[in-house]
Amino acid sequence: MKKKATAIAAAAVLTLAAVMTACGGNDTQESQTTVEVTETETEETTAEVTETTETEAEEELTVTGEIVAAGMSSITIRTEDGSETSYLKEDTEVDMEGDQVEGTMVTITYVERDGMNYALRITDAK
């Protein structure tokens, strides 16, 4: 009987932890928690918690323009229409013949997330 009560209490704690974790997510993330409790003839109880998280696929966008500023963590380019846009460079793949200097034409593949532009790849413009 103690094993059953302990298993039920453990399942309740795991469920509560999973729900609290799921509530901390953002709009682009859905969390679904499933708790399954099974009992055998010897009154041993096991709890299995499975958490499935699905994130919306982010659309990759591409833009070409002239570098107007480049730093360690961001790059700003001016497009043909004269607008300037900045991109964060966290774990960005850079495939360029030269350096990221003002006046260089580049193509940036990026995603928009939480109101920010995150560069995925920076290449020489063709």
Side-chain angles (χ1 to χ4, degrees):
M1 200 64 165
K2 285 185 180 181
K3 288 182 181 180
K4 185 176 182 180
T6 303
I8 291 172
V13 169
L14 290 172
T15 302
L16 181 60
V19 169
M20 292 180 71
T21 301
C23 291
N26 59 30
D27 293 339
T28 62
Q29 207 174 44
E30 281 183 33
S31 293
Q32 179 183 25
T33 304
T34 304
V35 175
E36 183 179 309
V37 178
T38 58
E39 188 172 320
T40 65
E41 292 180 43
T42 59
E43 293 189 17
E44 290 181 20
T45 305
T46 60
E48 179 182 321
V49 177
T50 306
E51 185 171 325
T52 305
T53 303
E54 299 175 10
T55 56
E56 295 178 15
E58 296 174 327
E59 181 182 358
E60 288 187 7
L61 305 167
T62 304
V63 64
T64 299
E66 177 183 352
I67 297 176
V68 293
M72 293 294 291
S73 61
S74 68
I75 185 169
T76 303
I77 63 168
R78 181 180 304 117
T79 58
E80 226 176 60
D81 67 3
S83 63
E84 292 186 8
T85 308
S86 295
Y87 302 86
L88 293 177
K89 298 189 309 184
E90 291 180 3
D91 301 320
T92 302
E93 176 187 330
V94 178
D95 186 15
M96 296 178 59
E97 300 244 346
D99 293 328
Q100 299 172 36
V101 294
E102 286 185 38
T104 304
M105 292 296 291
V106 293
T107 298
I108 299 176
T109 303
Y110 68 99
V111 293
E112 292 178 9
R113 188 181 320 133
D114 299 326
M116 301 293 291
N117 297 320
Y118 290 88
L120 301 174
R121 281 179 300 286
I122 302 173
T123 59
D124 291 312
K126 300 193 183 271

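Throughout, residue positions are numbered sequentially from 1 according to the sequence presented. None of these values were measured; they are calculated from a predicted model.
- Closest approach of E90 and Y118 over heavy atoms only: OE1-CE2, 4.2 Å.
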Chi angles and distances behind the side chain to side chain contact (heavy atoms under 4.5 Å, CB included) call for T107, T62: CA-CA 7 Å; T107 298; T62 304; 3.3 Å; yes
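- Minimum interatomic distance between D124 and E97 (heavy atoms only, all atoms of both residues): OD2-N, 2.8 Å.
- One hydrophobic cluster, built from ILVMFWY side chains closer than 4.5 Å, cannot hold both I108 and M105; they sit in different ones.
- Here the closest non-hydrogen pair linking K89 and S74 is CE-O, 3.7 Å.
- With rounding to the nearest 0.5 Å, the separation of CG in N117 from CG in L120 is 10.5 Å.
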Audit row: M96, V106, side chain to side chain contact (heavy atoms under 4.5 Å, CB included) steps and yes/no: CA-CA 8 Å; M96 296 178 59; V106 293; 3.7 Å; yes
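- No path of Ile, Leu, Val, Met, Phe, Trp and Tyr side chains, each step under 4.5 Å between heavy atoms, connects I122 with L88, placing them in separate hydrophobic clusters.
- Counting heavy atoms from C-beta outward, E112 and L61 have side chains that approach closer than 4.5 Å.
- Taking every heavy atom of both residues into account, G103 and E66 meet most closely at CA-OE2, 3.3 Å.
- Under the ring-ring contact (aromatic ring centres under 6.0 Å, His included) criterion, the residue pairs touching residues 73-115 are Y87-Y110, with sequence neighbours excluded.
- I77 and I67 make their closest contact through CG2-CA, 4.1 Å (heavy atoms, listed as atom of the first residue, atom of the second, distance).
- In terms of modelled atom types and a separation under 3.5 Å, the side chain of T104 and the main chain of V101 share a donor-acceptor contact.
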Candidate pair T85 and V63, rule side chain to side chain contact (heavy atoms under 4.5 Å, CB included), full reasoning: CA-CA 10 Å; T85 308; V63 64; over 6 Å; no
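- Evaluation of the side-chain hydrogen bond (donor to acceptor under 3.5 Å, both in side chains) rule for E84 yields R78 as partners, not counting sequence neighbours.
- Between A119 and T92, the shortest heavy-atom contact is O-OG1, 2.8 Å.
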